[in-house]
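Residue indices begin at 1 and follow the sequence shown. Just so it is clear, the model here is predicted, and its values are computed rather than measured.
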Amino acid sequence: MTELYELTIHEAGTLLRQRKISSVELTQAHLDRIRAVDPKVKAFTLVTDELALQQAKEADRRIASGTQLAPLTGIPLAIKDVICTKGITTTCGSRMLENFKPPFDATTMKHLHAAGIVMVGKTNMDEFAMGSSTEHSAFFPTHNPWDLERTPGGSSGGSAATVAAGMAMGAYGSDTGGSIRQPGALCNVLGLKPTYGRVSRYGLVAFGSSLDQIGPFARDAHDIALLLQAIAGPDACDSTSSPQPVPDYSVALTGSIKGMRIGVPEEYWVEGTQPGVVKAVREDIETLRTLGAQVSDVSLPSTKYGVAAYYIIAPAEASANLARYDGVKYGYSYRDTDDMWESMEKSRQYGFGQEVKRRIMLGTYALSSGYYDAYYKQAEKVRSLIRQDFEKAFERFDALVSPTSPTVAFKIGEISDPYQMYLSDVFTIPANLAGICGISIPGGFSAGLPVGLQLLGNAFKEDVILRIAHAFEKVTDYHKRWPTAI
Ligand code: GLN
């Protein structure tokens, strides 16, 4: 018999509405699963079990009365600790915010509460979402459910691992340069980065404001559609959110991709990509072809400058965003002095970890007068070129396909060189720079470890990549496999 934690959201939703299971049972099954496996995986910074059971009871009441029902009513979900939850600690994986309880909910949380979700906890992450392995969490690293000695990817590694291990039916993360798609790939779950502006960033702790987006993790495309639907749309509190109408994403899941034009960017097969990854993704591309897609090569010539441009732009924005942590208004505060400047300095010195400080210094340098033109302005020009590459490609193609990450999950402690770590995002970063949408879906295995297949879609074409993901799932079973190490 299928365990309750193995159900997908849409399967559980049907059972809930038929009253075959209750949300309290479903939630308890997930809390039990968390108790059993999280001591090994360490995906959560906080498990909100009491709150979850309370929300589950409330969801059961809603279901019994048949009012205010939504596809996510009564569904246990996990939230990355970068999304503000009113009255509930939101650490951002940092000592700086270790005891920070936001006085308000992020817009995403407002939508989710209105839908009647059950929040099982907040998930671990690289500090301030800076990283690709969840090793930069100030608290502890998260382990990959497929091999506990390996990282789950990052920065939303906790969210990816909870879904992979059946500790939540779905989760939300944030993606600035790949932080949803890359951990999704490394943990064998789907992870979607929506188009910039599709989802409100209000209450998402800012890293790179022109790049950040909140997005979902789940175990199939239908669930991703439901999770995106619940949070997409304009928000008066975020002037960069788009008024573009939100389509019904489930309608896009027709099962057919016959005649769809899919491009394979030549530049996405760089040296350093593991042969096992290349092999799996090449096979996936053949699968898309057998499904009736017209697959051909395309060139995105500016791709090779993506990582360099990102590591100017993202740190530049981060250095401005993180200036607010001065030990005065909120967060960690060094008080053992009468001198204001010393207090600020020490608050930042002790509150931030090494990687965050590296980014602040990089960003401050790139924005400093005399270097602004050479670095920041240059990077913005590259960003325009990357955007133009995609614009041109999407004149001819409905979607693009590539590996999500050049490698499978690496060992905890294996990558000590920051630059090496930055290269984990070589295939995901361009989508953030261009503001388009992308998803990573389970695309096979290499030596027993998951390989992610990345689908990129034009701005506001989430429905197109979801349709491809769904059709691909119908003829593959990678997404149905469960991790072997827990
Ligand atoms: N790994 C990238 C970085 O460290 C991307 C992080 C993210 O998407 N939040 O900046």
Side-chain angles (χ1 to χ4, degrees), residues 8-9 153 156 159-160 163-164 170-199 211 213-232 246-247 249-250 252-255 257 260 262-265 268 280-281 284-285 287-288 291 293 390 393-394 397-405 425 427-432 434-444 450-474 476 478-479:
T8 60
I9 295 173
S156 316
S159 287
V163 177
Y172 289 94
S174 64
D175 191 313
T176 305
S179 279
I180 293 175
R181 289 161 288 159
Q182 184 257 15
L186 272 44
C187 291
N188 201 46
V189 295
L190 293 88
L192 172 84
K193 183 203 91 75
T195 305
Y196 186 78
R198 182 68 302 175
V199 175
L211 303 156
Q213 271 293 286
I214 295 175
F217 290 94
R219 289 194 295 268
D220 75 12
H222 190 169
D223 284 2
I224 292 280
L226 299 177
L227 292 167
L228 174 62
Q229 199 81 51
I231 62 166
V246 181
Y249 294 112
S250 299
L253 311 177
T254 60
I257 56 165
M260 272 178 94
I262 299 181
V264 183
Y268 280 51
V281 174
D284 295 342
I285 292 172
T287 303
L288 294 172
L291 286 168
F390 281 118
F394 286 121
F397 294 100
D398 299 302
L400 306 175
V401 63
S402 77
T404 305
S405 160
D425 303 308
F427 302 140
T428 48
I429 277 174
N432 300 78
I436 61 172
C437 62
I439 190 170
S440 179
I441 66 176
V451 171
L453 177 69
Q454 178 174 239
L455 301 166
L456 297 174
N458 207 351
F460 303 103
K461 295 291 184 196
E462 283 82 359
D463 52 344
V464 172
I465 53 177
L466 282 170
R467 190 209 283 202
I468 301 171
H470 175 70
F472 183 82
E473 266 169 20
K474 292 197 120 182
T476 53
Y478 308 130
H479 65 292

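Rounding to the nearest 0.5 angstrom, the gap separating the CD1 atom in I180 from the OG1 atom in T404 is 12.5 Å. In this structure, CE on M260 lies 11.0 Å from CG on L291, to the nearest 0.5 angstrom. A distance of 9.0 Å separates CG in L453 from OG1 in T287, rounded to the nearest 0.5 Å. Remark: S440 OG to L186 CG distance equals 8.5 Å, nearest 0.5 Å.
Not a single donor-acceptor pair under 3.5 Å links the side chain of D284 to the backbone N or O of G444. A distance-only check finds a donor-acceptor pair linking the side chain of S156 to the backbone of S179 [under 3.5 Å]. Checked by atom type and distance alone, the side chain of Q454 never pairs as donor or acceptor with a backbone atom of G438 at under 3.5 Å. Put simply, the side chain of N188 never gets that close to the backbone of P442: no donor and acceptor are under 3.5 Å apart. In this structure, the side chain of Q229 does not engage the main chain of I224 through any donor-acceptor pair within 3.5 Å. The closest donor-acceptor contact from the side chain of T176 to the backbone of L211 lies at 3.5 Å or more, if one exists at all. Proximity of a side-chain donor or acceptor of K193 to a complementary backbone N or O of I436 within less than 3.5 Å is detected.
The closest side-chain heavy-atom distance from F390 to L400 is below 4.5 Å. Contact of the L190 side chain with the E473 side chain is registered, since non-hydrogen atoms from C-beta on lie closer than 4.5 Å.
When every heavy atom of A293 is checked against every heavy atom of I262, the shortest pair comes out as CB-CD1, 3.7 Å. A pairwise comparison of heavy atoms in A225 and L253 identifies CB-CD1, 4.3 Å as the closest pair. For the pair D223 and A218, the tightest heavy-atom approach, listed with the atom from each and the gap, is CB-CB, 3.5 Å. The two atoms that bring G153 and P183 nearest to each other are C-CB, 4.0 Å, heavy atoms only. Residues F217 and A160 come closest through the heavy atom pair CE2-CB, 3.7 Å. Residues Q182 and S405 share a closest heavy-atom pair of CG-CB, 4.2 Å.
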Under 3.5 Å, side-chain donor or acceptor atoms of residues 457-471 against the rest of the protein: list the pairs with distances, not counting sequence neighbours.
from: E462; atom 1: OE2; to: T195; atom 2: N; distance (Å): 2.7
from: E462; atom 1: OE2; to: T195; atom 2: OG1; distance (Å): 2.7
from: R467; atom 1: NH1; to: S256; atom 2: O; distance (Å): 3.3

*Begin with the C-alpha distance, continue with both residues' side-chain angles, and end with the deciding distance and a verdict on side chain to side chain contact (heavy atoms under 4.5 Å, CB included) for R181 and L456.*
CA-CA 11 Å; R181 289 161 288 159; L456 297 174; 4.2 Å; yes

_For L228 and V199: C-alpha separation, side-chain torsions, deciding distance, then whether side chain to side chain contact (heavy atoms under 4.5 Å, CB included) applies._
CA-CA 8 Å; L228 174 62; V199 175; 4.1 Å; yes

_Between I441 and H479, does the side chain to side chain contact (heavy atoms under 4.5 Å, CB included) criterion hold? Intermediate values first, please._
CA-CA 8 Å; I441 66 176; H479 65 292; over 6 Å; no

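With P216 as the partner, the side-chain contact (heavy atoms from CB on, under 4.5 Å) test is satisfied by one option alone out of L192, I439, V163, I9: L192.
Ring geometry, F472 versus Y478: the interplanar angle falls from 30° to 60°, so the pair is classed tilted.
Considering only residues two or more places apart in sequence or on other chains, Q213 meets the side-chain hydrogen bond (donor to acceptor under 3.5 Å, both in side chains) condition with none of them.
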